[in-house]
Amino acid sequence: MSIEKRVTFGSKLGVVLATVGCAVGLGNIWRFPYMTGVNGGAAFLLIYFVCIIFLGFPVMVTEFFIGRKSRRNAAGAFKVMAPGTKWSIIGYNGVFAAFFILGFYAVVSGWTLEYIYQAFSGSLSGKSAIDFKEDFDSFAGSDFRPILWTFLFVLMTHLIIISGVKKGIERASKIMMPILFLILIILCVRSVTLPNAHLGLDFLFKPDFSKINSSVILSAMGQAFFSLSIGMGCLITYSSYFGKETNLQHTALQVTVLDTLVAILAGIMIFPAVFSFGIEPTAGPELVFITLPNVFNQLPLGNIWSLIFFILLGVAALTSTISLHEVATAYMHEEYKMTRSRAALFVSGGILILGIISSLSMGRLSDYTIFGLNFFDFLDYITAKIMLPLGGMLICIYVGFRVDRKVLKAELTNEGTVPFYFFNTYAFFMKYVAPIAIGLIFLNELGLLSKFQKLFV
Ligand code: PHE
């Protein structure tokens with residue numbers, strides 16, 4: 001495809017909503033509460049904020065720069081911008097990360113379909129908190145049903161991907177994201193008015209600093225990267241569809257703020273209910289799925305609420321699976337000169353294989369572990385905690401040290417037509433702070449930092 005003819009998103013709102021659709025998903029509503037619960041609550045939230053502001057935002061702006069400047073997929077971008085060098089490894093890291101993320105994300109997306117089905121058939125009402133947990137465990141650990149739902153979800157993603165960028169991605173995001181936002185607010189109100197809700201709010205907002213350790217810091221950084229969809233070229237691919245007039249800094253700010261807001265709302269929706277119903281905040285990946293049905297039971301017409309909620313959660317997941325799929329499909333389509341549908345077929349097939357294994361790792365294959373993690377958790381760990389931060393670090397190093405400041409500034413200010421007041425601060429964070437901080441967090445997790453300290457103390 002020639003550079004000039006490359007499709008672009010239709011409108012300004014379309015740009016923001018499609019990118020928000022990519023960022024907002026299960027990462028905010030499923031993974032954020034579960035990570036916050038496992039990592040001790042408010043202290044995690046605090047570090048998460050720090051990571052969003054000082055690492056997430058600069059990396060996002062930098063990805064937008066690369067994407068719109070090169071107008072290529074994640075790997076092709078580096079072939080255009082740094083021909084003959086090894087920087088395209090950043091893109092390959094991203095393409096693999098897309099597969100691995102989809103390998104567990106599609107399974108969780110499938111769970112939302114099961115809950116839509118259950119809400120529809122009325123089987124979510126009249127149960128106790130313990131029933132919900134038992135039902136979830138037996139469902140997620142079973143052989144057939146979760147795989148069937150995973151398959152259906154991958155199929156839906158596939159169909160949207162082959163129907164093209166503008167029609168598929170943009171339309172789905174435009175309609176559904178605002179409704180999701182509204183319903184989250186309603187559920188927050190219900191949750192904070194439950195008995196003992198204050199315990200949940202304390203857990204979420206009153207930090208206990210003794211809970212902070214290297215793994216909490218790594219988890220918070222991983223969550224920031226995962227939730228903002230950064231470090232793996234997804235936003236490079238999306239911003240390659242941005243028009244010339246798109247204000248990159250504003251778009252990054254809007255996406256970051258909205259994404260963080262949705263995560264906080266999800267926290268406010270979940271934790272008061274967790275404490276109110278006596279659920280363990282450390283329950284892990286099942287947390288949202290065992291907590292929310294209890295909240296719906298407290299609402300008049302609970303089944304209808306749960307039906308609407310899980311449909312929207314499914315759609316939020318879909319706008320993210322589309323974006324992940326697009327990274328791999330655009331790469332194969334543009335770099336291997338395959339047709340789009342053929343590329344998409346390869347990608348969907350790969351995801352299905354990973355999805356089946358990770359679904360079974362919740363049940364039948366749970367004894368097979370890699371570094372002590374089942375396959376599902378392993379895919380989550382290597383992507384969120386390793387591949388995305390590593391990708392983000394390399395992106396910053398590449399742009400910080402290899403790209404001419406003037407070129408960077410010209411692109412980020414649309415050739416000087418929009419101001420970028422904090423350009424120097426941004427450039428400093430992108431070039432030095434982000435790569436060093438990410439590197440230190442890695443070393444800290446590996447325990448190398450404390451060994452190093454001991455040499456001097
Ligand atoms: N950010 C998405 C979410 O929160 C997940 C995602 C990660 C999507 C990386 C694209 C790339 O659900």
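Atoms within a ligand are numbered from 1 in the order they appear, just like the ligands themselves.
The salt bridge (charged side-chain N to carboxylate O under 4.0 Å, His left out) test applied to K337 returns no partner, not counting sequence neighbours. By the salt bridge (charged side-chain N to carboxylate O under 4.0 Å, His left out) test, E280 is found to be paired with no residue, residues two or more places apart in sequence or in another chain being considered.
The stretch residues 48-66 participates, sequence neighbours left out, in these side-chain hydrogen bond (donor to acceptor under 3.5 Å, both in side chains) pairs: T62-Y426.
Judged purely by distance below 3.5 Å, without hydrogens or angles, the side chains of T321 and H325 never pair a donor atom with an acceptor atom.
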Give me the pairs of N or O atoms, one from ligand 1 and one from the protein, that sit under 3.5 Å apart.
residue	atom	partner	partner atom	Å
ligand 1	1 (N)	A23	O	2.9
ligand 1	1 (N)	F226	O	2.7
ligand 1	1 (N)	S227	O	3.0
ligand 1	1 (N)	S229	OG	2.9
ligand 1	4 (O)	A23	O	2.9
ligand 1	4 (O)	G27	N	3.2
ligand 1	4 (O)	N28	OD1	3.2
ligand 1	12 (O)	L26	N	3.2
ligand 1	12 (O)	G27	N	2.8
ligand 1	12 (O)	Y105	OH	2.4

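Relative orientation of the F429 and F54 rings is parallel, given thresholds of 30° and 60° on the angle between their planes.
Across every non-hydrogen atom of S323 and C234, the tightest pair is O-SG, 3.5 Å.
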